> 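Right, I'll just put the structure down here and ask away after.
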2 protein chains.
Amino acid sequence: MVELSALQLTLQDHLKKNGLKKTRQRDVILTTLWDADKHITIDELLELAQEQIPGIGYATVYRSLKLFVRVGIVAERRFGEGQTQYEIVHDEHHDHIICTECGHIIEFEDELIERRQNEIAIQYGIEILSHRHEIFGRCLDIAKCEQLKSAK
Amino acid sequence: MVELSALQLTLQDHLKKNGLKKTRQRDVILTTLWDADKHITIDELLELAQEQIPGIGYATVYRSLKLFVRVGIVAERRFGEGQTQYEIVHDEHHDHIICTECGHIIEFEDELIERRQNEIAIQYGIEILSHRHEIFGRCLDIAKCEQLKSAK
DNA sequence: CTTATTGCAAATGCTTTGCAAGCAA
DNA sequence: TTGCTTGCAAAGCATTTGCAATAAG
């Protein structure tokens with residue numbers, strides 16, 4: 001698990017190297033996203049950030065997120081419909097198993113799949129930068145699943 | 001591999017069951033998408049469909065695709081930026097390798113990964129319903145990549 | 001001081017929708 | 001004939017951008 005301070009350092013390093021500036025807005029947005037600890041939409045993020053900086057607007061949040069994505073500390077996800085979701089990149093190599101009933105998310109990492117991926121990509125003449133692997137299914141333990149579901 | 005006629009039957013069945021109508025537009029759009037035999041954007045699809053039906057417009061293409069997705073014969077995908085892409089559902093199990101520079105998309109299917117996925121999911125007490133596996137990278141053949149990129 | 005950043009509003013891009021005319025059943 | 005579909009244009013969202021004011025280095 002990555003520390004918030006490590007992300008802040010990565011960001012500051014990038015800012016310095018590119019003649020960009022450290023601002024309260026960027027700091028609050030990153031910290032807010034960290035605290036959320038899951039994927040979150042622009043609307044949710046803006047609302048939370050406004051608790052710290054009342055005047056902050058959509059444009060700043062969008063621009064900051066694009067910056068964070070470029071720096072590699074935030075990932076952008078477009079699930080089905082609606083707004084794009086953002087989340088802190090905790091670890092490059094974990095993937096997700098999601099129960100579509102209760103929404104339970106399990107993180108997994110498999111070396112065999114990782115290796116195989118690399119082989120396949122090379123075979124097709126591509127060098128891997130990142131990947132996303134999501135498995136959707138249903139909990140076999142129905143009772144526990146229903147319980148988690150109603151807890152929402 | 002699914003036959004076009006099988007998709008047409010599935011569609012007609014759905015139309016009949018729901019009191020909907022078989023139209024030239026729907027037929028041309030489905031056939032065009034079949035012929036394209038890959039992911040395609042609305043713009044590309046519209047352009048191709050207009051060769052058959054000059055007056056056809058965006059709204060009809062969008063509406064038809066939504067219908068096909070509901071019926072389950074077409075899949076909707078939102079890769080990085082820009083327009084949603086559509087493709088005929090040939091088979092549940094293929095995945096994608098995407099060049100983030102030129103946007104080139106390669107389909108792959110790997111039995112080893114498929115099997116491993118199943119093992120992992122069972123290990124975590126989940127029964128797989130579907131999955132999504134996307135690998136992002138860069139073409140090793142830079143020249144060809146730049147060419148594809150500028151062709152956009 | 002200089003220049004990047006912000007906040008606002010306007011603009012853009014993709015997708016959806018309302019409506020009158022057209023077409024399938 | 002009935003009412004689903006179409007094509008057009010207008011509307012609706014999500015995201016981006018231009019610009020003057022502001023703040024960081």
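Quick caveat, the model's predicted, so the values are computed rather than measured. Residue numbers begin at 1 in each chain, while the letters A, B, ... track the order of the sequences.
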> Without hydrogens or angle criteria, can the side chains of Asp95(B) and His133(A) be said to hold a donor-acceptor pair below 3.5 Å?
no
> Would you mind reading off the distance between Tyr62(A) atom OH and dT12(C) atom P, rounded to a whole angstrom?
18 Å
> What is the distance, rounded to the nearest whole Å, between atom CG of Asp43(A) and atom P of dA14(D)?
7 Å
> Roughly how many Å is it from CD in Gln85(A) to P in dC13(D), rounded to a whole number?
18 Å
> Measure the distance from CZ on Arg78(B) to C1' on dT15(C) and round it to the nearest whole Å.
10 Å
> Grab the CD1-P distance between Ile53(A) and dG7(C) for me, whole Å please.
7 Å
> Quick one: do Glu111(A) and Arg115(A) make a salt bridge, cutoff under 4.0 Å?
yes
> Find the distance Lys66(B):NZ to dT15(C):P and express it as a whole number of Å.
9 Å
> Whole angstroms only, please: what is the CZ-P distance between Phe68(B) and dT5(D)?
11 Å
> Could you check whether any side-chain heavy atom of Thr84(B) comes within less than 4.5 Å of a side-chain heavy atom of Ile42(B), counting everything from C-beta outward?
no
> State, to the nearest 10°, the angle formed by the axis through the first five base pairs of the helix from dC1(C)-dG25(D) to dA25(C)-dT1(D) and the axis through its last five.
40°
> For His96(A), check ring pair (Phe, Tyr, Trp, His ring centres under 6.0 Å) against everything at least two apart and list the hits.
His94(A)
> Is it true that Val61(B) and Leu48(B) fall in one hydrophobic cluster, defined by side-chain heavy atoms closer than 4.5 Å?
yes
> Rounded to whole angstroms, how far apart are CG on Leu65(B) and P on dC14(C)?
15 Å
> Cluster question for you: counting only ILVMFWY and a side-chain heavy-atom cut-off of under 4.5 Å, with indirect links fine, are Ile98(B) and Phe108(B) together?
no
> Side chains of Thr32(A) and Ile40(A): does their closest heavy-atom pair fall under 4.5 Å?
no
> What string of B, S and - do you get for nucleotides 1-6 of chain C 5' to 3' if you count protein non-hydrogen atoms under 4.0 Å?
--BSSB
> Can a side-chain donor-acceptor contact be found between His39(A) and Gln85(A) if the only test is distance below 3.5 angstrom?
yes
> The side chain of Gln83(B) lies closest to which of these nucleotides: dG7(D), dT17(D), dC14(C)?
dC14(C)
> Rounded to the nearest 0.5 Å, how far apart are CD1 of Ile113(A) and CD of Gln117(B)?
6.0 Å
> Measuring to OP1 and OP2 of dA14(D), would you say a side-chain N or O of Thr84(A) lies under 4.0 angstrom away?
no
